[in-house]
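Just so it is clear: chains get the letters A, B, ... in the order the sequence lines come, proteins before strands, and each one is counted from 1.
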Amino acid sequence: MLSRESSAALMGAVTAFIYKEARLQDEHAYEAWEALWTDDGIYWVPANGDDIDPEKEMSVIYDNRSRISLRIKQLLTGKRHTQTPQSRLRRLVSNIELLDEQASGDISVASNSMVFESSLRDDTIWAARNEYRLRYVDGELRMAYKKVILVNNEKALFTLSFLI
Amino acid sequence: MNVVPRASQWGELIRPDRVHGSLYSDPAIFEAELQNIWYRIWVYVGHESEVPNANDYVVKSIGPQSVIMTRDEQGKVNLLLNRCSHRGNQVCSYDRGNARSFTCPFHSWTFANDGRLVGYAFPDGYEGQDKSKLALGRVTRVQSYRGFVFGSFAAEGPTLEEHLGGAAETIDRLVRFSPEGEVEVTAGFLKHRVKANWKFILENECDGYHPAFVHSSIFGVADSAIGKLYGGASTAVTRDYGNGHTEIDLRPEFRKRDAPMSWFGTTEERLPDYTARMKAAYGDQKAREIMIDGTPHVMIFPNLFIAEIQMFVIQPLAVDDSVQHVTALQFKGAPDMNRRLRQQTMGSVGPAGLLLADDSEMYERCHRGVLARIPEWIFLGRGERRERRDELGFKVGHVTDEIPSRGIWSHYRSLMEKP
Ligand code: FES
Ligand SMILES: [Fe+2]
C-alpha cells in the first residue's frame, strides 16, 4: 500500500491523521482516541531530557497498550478528579515531517504541538515535539508509538492529566 | 494575617483537634517556617547512591535554596550551598555530573567539591586575603542514616538519630527489602509542581481517610486490592511517632493475608530471582516475614515520604507553591523487582500519575479553599476519642483517623514556639 502512494498523498493522509488525533484529544473523545492505537502501542512522555532510557529511568508517561487502556478507563469513570471539570483544550499542530521509513514498514512522522489548557488551577501552555510511528491496519492509519517530548520536561511540571 | 504570631500565640492557631486556615496561606507564616523548620531541623536532602563515585555531584534543595550534594575525592558526602562567595552567582548550573571543582562563570573563582576556594582569577588585587574564609557555604551539619543524607543549618540541636526517633525503624524496615540491605536512588526524579502549601502534601501522605474517595476512579477500574486497605473494615493503623513523623501501618492487613509479596500485588512465583535472593540473604523464615509485612508507608517530617514502592521529597518554594520530587525505590541486588517498582511508580505518581494527579488536585483545591476565611478552622478531630497507645507507647488509631495530622501539628507548634 505504502509503495504505491506518492509522498504527497502519504503526507496528506498522515496530516489528516494527526489533525484528527489532536481534535479527539482536545475534545476528550477518549474512546475514539484509544481506537487510534495498534495493539502494541507505546505512549511515552519522557522526563529529564529527550532521550532517557524509559526502561531504566522515570518518565512522565510510559504506557504500554494495557496501561493506555487503563488510563482511558479511569478517565471514563468521570471520577478522575483532576479532569472534573475537564480541562478546556486547544492545540495547534504544525511542522509535520515524514521521517525515514522504519524497517518494520511503520511510517515515522514528527510534528510540533502547542497546547493551551484552561483548568481550575490556571491557564497553562504546553509545547512539545511529537514523534509517531503510524501503520496501516485494515486500510486505516493507526498509531503504534507516540513520544511527546515536552520542551520543559527537565523542570517541575504542573499536573498533566489530559491526553497530551 | 501577615503578622507572625509571637511564641505565646501559636496556641491560638493550633489546637489539639483543629488548626487555623491561615497557617496554610499566610506568607509571613511561610517565612517563619523557613527559619524555624526548614533552616533549622534535620531535612532530607539526597541519597548516597545518587553520588556513587568520587567527584559525583547532584543538585538538591532545602526549601527554596539550591544545595549541591557532592562526593569529594576522600569519598565524603558534602552539602554545599550553590552560591558563589564572591557575589552570589550560582556556581553549578547542571543537575548532575562529575567534577573535582566548580568554577563560577561570573569572575571565575574556583571551588573544590568539598567547598574550599582554590583560586580566583587575577589573584593580584587579593593580597592579604584569607582564602579559607571565602569557601562555599555549607549546610552546617550533615549526617546519613542507612544512605539517606540529611542536613541541618543549626550548629546545635538534636542528633539525626534523636530527630528520627521511633521512625528510624521504618527505614530499617525498608532497606531490608534489598537482599544486600541497601536502597538505591538511580531512576531519576519526576518533578511535579502544585500551587498549594507544602503542609497539604505533608498531611495527605499519611491520610488514610481520602483514598476511598480520591482514588475510587483507579481502584474501580484497576481491580486493585489497595482500596480495601483504607476501608472502614480495615485493621491497618495510623501512627504518630512524635517529632512530626507519621505512618500508615498496613502490616495488620498483610499479615492477615499471610501471602509473601501480596503487599506489592504479586507473588513469589512471579519474582523467582528476587525471592531466591531474599531467602539466601535472610533465611527462609525471616525472608517470608519480610515479604509478608511489606515496606513502610511513612512520612519523615518535614519532607521525606517513603510510600511503599516510591520515595517523595517535598520542596516548598513559596506559601502557595511546592514541588513533589518523586522516584521509584530501587533495591540493591534486585533487578527483577526494580523493574516492577519503576513501572508501577511511573503509572501512579508524577504529573500524569493515575493516583498522584488526583491527590495534587485536592491540594490545590484545599489551598484555594482556605483563602475563604469562614469557618476559619480546619477540623482534624477524626478518631480523637479512640486513640490508643501501641506496645512501644506511640499513639495509634484506625487507618482513617487523623492521628497523623494531629501529630504533625503538635510538633509543628513546638518548633514554631521555639525562639
Ligand atoms: S560571582 Fe562568582 S566569581 Fe564573581
Ligand atoms: Fe492519595
Side-chain angles (χ1 to χ4, degrees), chain A residues 30 34 42-49 51-64 66-87 117 119-124 126 128 148 150 152-164, chain B residues 61 94-96 186-196 210 213-224 310 315 317 321-328 330 335 338-339 341-365 367-368:
Chain A
Y30 302 131
E34 190 186 350
I42 297 280
Y43 179 30
W44 181 28
V45 182
N48 301 311
D51 289 307
I52 59 159
D53 177 352
E55 292 292 337
K56 298 231 159 70
E57 287 182 71
M58 298 287 293
S59 292
V60 177
I61 294 175
Y62 185 50
D63 285 359
N64 58 13
S66 81
R67 191 170 281 160
I68 292 170
S69 174
L70 186 61
R71 192 175 290 283
I72 296 304
K73 281 199 198 111
Q74 184 186 27
L75 288 163
L76 286 170
T77 61
K79 294 187 208 149
R80 171 68 155 161
H81 298 290
T82 173
Q83 282 300 315
T84 55
Q86 290 173 330
S87 297
E117 179 195 16
S119 69
L120 284 183
R121 183 200 327 100
D122 205 347
D123 296 343
T124 311
W126 303 86
V148 180
L150 296 168
N152 56 345
N153 74 10
E154 316 222 20
K155 295 216 180 119
L157 303 173
F158 287 120
T159 293
L160 172 64
S161 56
F162 59 89
L163 298 173
I164 181 75
Chain B
S61 57
Y94 291 93
D95 284 344
R96 56 176 55 244
T186 50
F189 281 84
L190 293 181
K191 290 162 274 184
H192 186 178
R193 186 169 169 203
V194 284
K195 292 298 283 178
H210 79 278
F213 317 106
V214 174
H215 305 306
S216 66
S217 64
I218 194 65
F219 295 159
V221 297
D223 105 89
S224 120
Q310 63 245 159
Q315 180 186 16
L317 291 173
D321 198 358
S322 311
V323 179
Q324 308 168 87
H325 301 256
V326 199
T327 190
Q330 303 282 274
N338 288 343
R339 182 165 185 283
L341 288 161
R342 287 193 300 271
Q343 295 298 340
Q344 289 205 19
T345 297
M346 270 188 252
S348 53
V349 301
L354 304 177
L355 288 167
L356 252 289
D358 290 321
D359 289 308
S360 301
E361 186 67 28
M362 296 301 122
Y363 317 147
E364 292 187 337
R365 292 187 196 182
H367 196 99
R368 294 194 296 272

Distance-minimising heavy-atom pair for [X] and [Y]:
X	Y	answer
A:His81	B:Val214	CD2-O, 3.2 Å
B:Arg193	A:Ala156	CB-CB, 3.9 Å
A:Arg71	B:Ala352	NH1-O, 2.8 Å
A:Arg121	B:Arg368	CA-NH1, 3.7 Å
A:Phe158	B:Glu364	CD2-OE2, 4.3 Å

Structural part of [X] lying under 4.5 Å from a heavy atom of chain A:
X	answer
B:Thr327	both
B:Val221	both
B:Val326	backbone
B:Gln343	both

Would you compute the distance between atom [atom1] of [X] and atom [atom2] of [Y] and round it to the nearest 0.5 angstrom?
X	Y	atom1	atom2	value
B:Leu356	A:Thr82	CG	OG1	11.0 Å
B:Tyr363	A:Thr159	OH	OG1	9.5 Å
B:Ile218	A:Gln74	CD1	CD	4.0 Å
B:Gln330	A:Lys56	CD	NZ	11.0 Å

Best-contacting candidate, A:Val45, A:Asn48, A:Asp53, A:Asn64, against chain B by heavy atom pairs under 4.5 angstrom: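 Top option by heavy-atom pairs under 4.5 Å: A:Asn48.
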Option that, when pairs with chain B are counted at under 4.5 Å, heavy atom only, ranks first among A:Ile164, A:Leu157, A:Leu75, A:Leu160: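 Maximum pair count with chain B is reached by A:Leu157.
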Pick from [options] with the largest number of heavy-atom pairs that fall under 4.5 Å of chain A:
options	answer
B:Ser217, B:Gly347, B:Gly220, B:Ala328	B:Ser217
B:Ala357, B:Gly350, B:Gly188	B:Ala357
B:Arg342, B:His367, B:Lys195, B:Met362	B:Arg342

Side-chain touch A:Lys155/B:Lys191, heavy atoms, less than 4.5 angstrom: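 SC-SC contact between A:Lys155 and B:Lys191 ruled out.
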Residue A:Asp123 excluded, over 12 heavy atoms near CG under 6.0 Å: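 Yes, the 6.0 Å shell around CG holds more than 12 heavy atoms from other groups.
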B:Leu354 backbone acceptor or donor facing A:Arg80 side chain under 3.5 Å: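 Checking the backbone N and O of B:Leu354 against the side chain of A:Arg80, a donor-acceptor pair under 3.5 Å is found.
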CA sep, side-chain torsions, deciding dist, call: B:Glu361, A:Leu120, side chain to side chain contact (heavy atoms under 4.5 Å, CB included): CA-CA 9 Å; B:Glu361 186 67 28; A:Leu120 284 183; 3.9 Å; yes
A:Thr84, part contacting chain B, at a heavy-atom distance under 4.5 Å: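 The answer is both parts of A:Thr84.
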Lys/Arg N to Asp/Glu carboxylate O, B:Arg339 vs A:Glu55, below 4.0 Å: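 A salt bridge links B:Arg339 with A:Glu55.
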